[in-house]
A.B. asks: 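I'd like to ask some things about the structure below.
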Amino acid sequence: MNNHNLINFTRDILNTPFIRYKEFILLYASIQEWCREWITIYPLKELLKGLQYEIIGDFQHVSINRCIDHSKQIREGDVFVSQTKNRLFIDEAIRNGAIAILSECFIPDCMVPQIIIPTDMHHFNSRLSILTYELYGSKIKTIGITGTNGKTTVASFVGQLLMQQNKSVCVIGTLGVFENGKKLVNYLRSNTTLPFYDFIQVVRHCYESNVGYIVLEASSQGLLDQRLSNYPIDVGVFLNIGKDHIEFHGGMVPYKKSKELLVSLSNHLVINDDDAWCKSIAEKTYLPVTRFGENHKNDIIYQKVDYSKEKIKYKFLVGKKALHIEMTNSGYYNGANLAAAIAVMKSLGISIEELKPVKLPKGRLERIDNERGIEVLIDYAHTPDALDASLGAIRTYAKNDVYVVFGCGGNRDRQKRKSMGEVATKYATKAIITNDNPRYENPADIIADIIQGTKKDKIIIEMDRKQAILLALSIAKRGDIVLIAGKGHEQEQIVNDLVVPFSDHEVVQNYFEELDGSITKNDPVA
């Protein structure tokens, strides 16, 4: 309904002596839609209020439709936020319909008006963040999840529990952006925590799609880079702390502090009471806290009731209520992940009467079916704690040999490599050490760091990751278990400047298909 028709319709309705209920509801819905169209813009005066800025060129707009910092995402009417002077990106943005360029410095020979904010861009982002919340996000509950391990799994579990309660939810994280379980295909980047301008786009999309909940992974780097700016988080979840990204942050203390930035954004905390660091956060905060863990004093208590190779049963105590669930055996530690998700539901005031089965996200102890009787598992575990949890879970039911294929990333956390080697040879019959995104480091140097912590009689070195996987599968016998760790869902291998397509999953599938005669070595996929 356009504005002219809405005005006439409203006048006719209000001049009617008795407004029928149906007509009133139609009027209300029409006004709501009309208001929605008018408020889904950013008032330029509000964005620039109090900032040092200069406008060059004839920029007549009193409002901005969207601010975008990725030239490929630009649509007609957007403002392109240029983080660099790269003319390729600027020209592409203009070709795609940018009506102005917003940057920190003057861009010569620019074909569209410029908004220059020389020193206050972080204040601009802060203003944009709050306006995004006021215009779109205030009707959406947002849950942010941080921790060294388990962010993706807990985010997935929270999303599934919300959908079981018939709630509409968007999950943002390592695997992408999913609306009610369906992946959104667009130009959004693939960071664990989306870049700020991507994040505010998702918030707006959720508002326009009537999504009621956003669940996001808040990585230490994402928080430090202010990818959420000062966007309000309804529930901040703290899972654990372990060794990862230590070199990037310059030590364990700054690593912890970067994750603790989530506290300042949150209105309510969910805390793992079994983790000392998480406990310390709860002790220091003035915010309301919901605790989960094995201790009987927690708000959510989880217990393992029974397990076998195939299944594991949990009991969760929520106040006086007991909830039971049976899942595919993916390790006792996933009881903690599910307890965290239940604690989020409690903090949101959503009562769960019955727990229905939930699935692990892709690449998290994912079983690959085959006819050879070998249990093959692909897991994202790339920290000592995560690898310990995965291999420890496998060892609880393994009756035969266990093989693990893993490596460590280049230009990342040298401190954890020795520990990864220790964990691998603690549990596995044989550890096959290989490449995992060597980047600019010499793969031999990475492996040398890993083997410092190993039992030398339990390791095999094979630098080619594909050959390492094939070696593990070829020596495994019926009843044995092969864990391929480190990459999980990832679809590439990073070597120097090259990003080479590579999937652990495809290597395994092709191996078994070749054995079964489905493909041959001459086939392109072999």
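The structure presented is a predicted model; accordingly, all values stated were derived computationally and were not measured.
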A.B. asks: Would you please say whether a donor-acceptor pair under 3.5 Å links the side chains of Gln201 and Gln73?
C.D. replies: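 Yes - a donor-acceptor pair under 3.5 Å links their side chains.
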A.B. asks: For the residue pair Thr290 and Lys346, confirm or rule out a side-chain donor-acceptor distance under 3.5 Å.
C.D. replies: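 Lys346 and Thr290 do not have a side-chain donor-acceptor pair below 3.5 Å.
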A.B. asks: For Ile451, is there any backbone N or O sitting under 3.5 Å from a side-chain donor or acceptor partner on Lys418?
C.D. replies: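 Not at all, since once roles are kept as given, no pair shorter than 3.5 Å links the two residues.
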A.B. asks: Which pair of non-hydrogen atoms, one from Leu262 and one from Gly144, has the smallest distance, and what is that distance?
C.D. replies: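 Residues Leu262 and Gly144, closest heavy atoms: CD2-O, 3.6 Å.
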A.B. asks: Check this for me, if you would: do Glu283 and Lys279 make a salt bridge, where the nitrogen-to-carboxylate-oxygen distance has to be below 4.0 angstrom?
C.D. replies: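 The answer is no: the pair does not qualify as a salt bridge.
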A.B. asks: Measure across Pro438 and Pro443 and return the closest heavy-atom pair with its distance rounded to 0.1 Å.
C.D. replies: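 Between these two residues, the closest heavy atoms are CB-CG, 4.0 Å.
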A.B. asks: Kindly assign one of parallel, tilted or perpendicular to the pair Phe199 and Tyr231, based on the angle between their ring planes and the thresholds 30° and 60°.
C.D. replies: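 Aromatic pair Phe199/Tyr231 classed perpendicular.
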A.B. asks: Thr142 side chain to Asp234 main-chain N or O, any donor-acceptor pair under 3.5 Å?
C.D. replies: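 No, Thr142 side chain to Asp234 backbone: no donor-acceptor pair under 3.5 Å.
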A.B. asks: Is the backbone of Ala386 close enough, under 3.5 Å, to the side chain of Ser390 for a donor and an acceptor to pair up by distance?
C.D. replies: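 It does hold such a pair.
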A.B. asks: Quick check against the 3.5 Å criterion: does Thr146 have a side-chain atom that pairs as donor or acceptor with the backbone of Ala218?
C.D. replies: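 At least one qualifying donor-acceptor pair exists.
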A.B. asks: Can Tyr380 and Thr174 be counted as having a side-chain donor-acceptor contact under 3.5 angstrom?
C.D. replies: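 The criterion, which ignores hydrogens and geometry beyond distance, is not satisfied for Thr174 and Tyr380.
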A.B. asks: Which heavy atom of Ile130 sits nearest to which heavy atom of Pro232, and what is that distance?
C.D. replies: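 Minimum heavy-atom separation between Ile130 and Pro232: CD1-CD, 4.5 Å.
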A.B. asks: Is there a ring-ring contact (aromatic ring centres under 6.0 Å, His included) between Phe124 and His122? Walk through the geometry before answering.
C.D. replies: CA-CA 5 Å; Phe124 177 83; His122 63 291; over 10 Å; no
A.B. asks: Should the pair Lys487-Asp504 be classified as a salt bridge under the 4.0 Å nitrogen-to-oxygen rule?
C.D. replies: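 Salt bridge between Lys487 and Asp504, a charged N being under 4.0 Å from a carboxylate O: no.
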A.B. asks: Do Lys362 and Glu366 pass the salt bridge (Lys or Arg N to Asp or Glu O under 4.0 Å) test, and can you show the C-alpha distance, the side-chain angles, and the key distance before you say yes or no?
C.D. replies: CA-CA 7 Å; Lys362 185 173 178 58; Glu366 182 180 1; 3.7 Å; yes
A.B. asks: Do His205 and Tyr207 have their ring centres less than 6.0 Å from each other?
C.D. replies: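 Centroid separation for His205 and Tyr207: 6.0 Å or greater.
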A.B. asks: Main chain of Asn435, side chain of Arg465: is a donor-acceptor contact present, judged purely on distance under 3.5 Å?
C.D. replies: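 Present.
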A.B. asks: Check this for me, if you would: do Glu46 and Arg127 make a salt bridge, where the nitrogen-to-carboxylate-oxygen distance has to be below 4.0 angstrom?
C.D. replies: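 Not counted as a salt bridge, because no side-chain N and carboxylate O are separated by less than 4.0 Å.
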A.B. asks: So that I can tick it off, tell me whether Asp464 and Lys466 are bridged by a salt bridge, with the cut-off set at under 4.0 angstrom between side-chain N and carboxylate O.
C.D. replies: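 No, Lys466 and Asp464 are not salt-bridged.
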A.B. asks: Can you tell me if CZ on Phe89 sees more than 12 non-hydrogen neighbours from other groups inside 6.0 Å?
C.D. replies: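 At most 12 heavy atoms, drawn from other residues, nucleotides or ligands, come within 6.0 Å of this atom.
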A.B. asks: After noting the C-alpha distance and the side-chain angles of Ile99 and Val112, does the key distance pass the side-chain contact (heavy atoms from CB on, under 4.5 Å) rule?
C.D. replies: CA-CA 6 Å; Ile99 56 171; Val112 297; over 6 Å; no
A.B. asks: Indicate yes or no: at least one non-hydrogen side-chain atom of Phe406 is less than 4.5 angstrom from one of His382.
C.D. replies: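 No, every pair of side-chain atoms sits at 4.5 Å or beyond.
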A.B. asks: Under the 3.5 angstrom rule, does the side chain of Thr285 hit a backbone N or O of Ile281 as a donor-acceptor pair?
C.D. replies: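 Side chain of Thr285 to backbone of Ile281: no pair is present.
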A.B. asks: My understanding is that only residues two or more places apart in sequence, or in another chain, count here; which of them pass side-chain contact (heavy atoms from CB on, under 4.5 Å) with Ala155?
C.D. replies: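 Result, side-chain contact (heavy atoms from CB on, under 4.5 Å) vs Ala155: Ile145, Val171, Val215, Glu217.
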A.B. asks: Would you mind reporting whether Leu184 and Phe178 have side-chain heavy atoms less than 4.5 Å apart?
C.D. replies: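 No, every pair of side-chain atoms sits at 4.5 Å or beyond.
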A.B. asks: Do Asn96 and Glu76 meet the criterion of a side-chain donor-acceptor pair at a distance under 3.5 Å?
C.D. replies: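 No.
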A.B. asks: For the backbone of Leu498 and the side chain of Asn496, can you confirm whether one donor and one acceptor N or O come within less than 3.5 Å of each other?
C.D. replies: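 Side chain of Asn496 to backbone of Leu498, a donor-acceptor pair under 3.5 Å: no, none is there.
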A.B. asks: Can you tell me if Asp275 uses its side chain to pair, donor with acceptor, with the backbone of Asn240 under 3.5 Å?
C.D. replies: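 No.
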A.B. asks: After noting the C-alpha distance and the side-chain angles of Ile117 and Gln52, does the key distance pass the side-chain contact (heavy atoms from CB on, under 4.5 Å) rule?
C.D. replies: CA-CA 6 Å; Ile117 305 177; Gln52 183 184 358; over 6 Å; no
A.B. asks: Measure the shortest side-chain to side-chain distance between Val344 and Phe157 over non-hydrogen atoms and say whether it is less than 4.5 angstrom.
C.D. replies: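 Contact flag for Val344/Phe157 side chains = no.
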A.B. asks: Judged by modelled atom types alone, do Thr383 and Asn149 share a side-chain donor-acceptor pair under 3.5 Å?
C.D. replies: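 Note: Thr383 and Asn149 side chains meet the donor-acceptor criterion.
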A.B. asks: Quick one about His505 and Gln491 (side-chain donor to acceptor, distance below 3.5 Å, no hydrogens or angles considered), yes or no?
C.D. replies: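 Not at all, the side chains of Gln491 and His505 share no donor-acceptor pair under 3.5 Å.
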A.B. asks: Using the ring centroid of each side chain, check whether His70 and Tyr197 are separated by less than 6.0 Å.
C.D. replies: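 Not close enough - the centres of the two rings lie 6.0 Å or further apart.
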A.B. asks: Ion pair present between Glu208 and Arg204, side-chain N to carboxylate O less than 4.0 angstrom?
C.D. replies: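 Looking at Glu208 and Arg204, the cut-off is met.
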A.B. asks: Give me each pair satisfying ring pair (Phe, Tyr, Trp, His ring centres under 6.0 Å) with a member in residues 98-120, each pair once, sequence neighbours excluded.
C.D. replies: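 Qualifying pairs: none.
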A.B. asks: Can you name the nearest heavy-atom pair linking Leu228 to Phe196, along with the distance?
C.D. replies: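 Smallest heavy-atom distance, with atoms named: C-CD1, 4.3 Å.
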A.B. asks: Is there side-chain contact between Ile90 and Ile107, with heavy atoms separated by less than 4.5 Å?
C.D. replies: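 In short, these two side chains touch, coming nearer than 4.5 Å.
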A.B. asks: Ignoring hydrogens and geometry, is there a side-chain-to-backbone donor-acceptor pair from Lys183 to Leu175 under 3.5 Å?
C.D. replies: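 Checked: pair present.
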A.B. asks: Does any non-hydrogen side-chain atom of Ile143 lie less than 4.5 Å from one of Ile233?
C.D. replies: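 When only atoms from C-beta onward are counted, Ile143 and Ile233 do not touch, as no gap falls below 4.5 Å.
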A.B. asks: Check the side chains of Ser126 and Asn230 for a donor-acceptor pair under 3.5 angstrom, ignoring hydrogens and angles.
C.D. replies: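 Ser126 and Asn230 do have a side-chain donor-acceptor pair below 3.5 Å.
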A.B. asks: Keeping the roles fixed (side chain from Asp436, backbone from Cys408), state whether a donor-acceptor pair exists under 3.5 Å.
C.D. replies: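 Flag not set: sc Asp436 to bb Cys408 has no pair under 3.5 Å.
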A.B. asks: Do the non-hydrogen side-chain atoms of Asn437 and Gln493 ever get within less than 4.5 Å of each other?
C.D. replies: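 Of all side-chain heavy-atom pairs linking Gln493 with Asn437, at least one is under 4.5 Å.
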A.B. asks: Of all the heavy-atom pairs spanning Glu179 and Ser209, show the shortest one and how long it is.
C.D. replies: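 That closest heavy-atom pairing would be OE2-CB, 3.8 Å.
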A.B. asks: Working to the nearest 0.5 Å, report the span between NZ of Lys139 and OH of Tyr133.
C.D. replies: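 Atom-to-atom, Lys139:NZ and Tyr133:OH are 9.5 Å apart.
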A.B. asks: Check the pair Gln114, Glu54 against side-chain contact (heavy atoms from CB on, under 4.5 Å), reporting the backbone distance first and the verdict last.
C.D. replies: CA-CA 8 Å; Gln114 299 178 54; Glu54 181 181 3; over 6 Å; no
A.B. asks: Quick one: does Val289's side chain get under 4.5 Å of Phe238's, heavy atoms only?
C.D. replies: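 Not in contact.
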A.B. asks: Is the closest side-chain heavy-atom distance between Ile241 and Cys278 below 4.5 Å?
C.D. replies: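 They are not in side-chain contact.
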A.B. asks: Grab the two heavy atoms, one from Val237 and one from Leu239, that are nearest each other, plus how far apart they are.
C.D. replies: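 Scanning both residues completely, I find the closest heavy atoms to be CG1-CD2, 3.8 Å.
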A.B. asks: Go through the steps to decide whether Leu348 and Lys141 satisfy the test side-chain contact (heavy atoms from CB on, under 4.5 Å), and finish with yes or no.
C.D. replies: CA-CA 8 Å; Leu348 291 170; Lys141 295 290 185 183; 4.3 Å; yes
A.B. asks: Between Glu441 and Arg417, is there a side-chain N and carboxylate O pair less than 4.0 Å apart?
C.D. replies: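 Between Arg417 and Glu441 there is a salt bridge, with a charged N closer than 4.0 Å to a carboxylate O.
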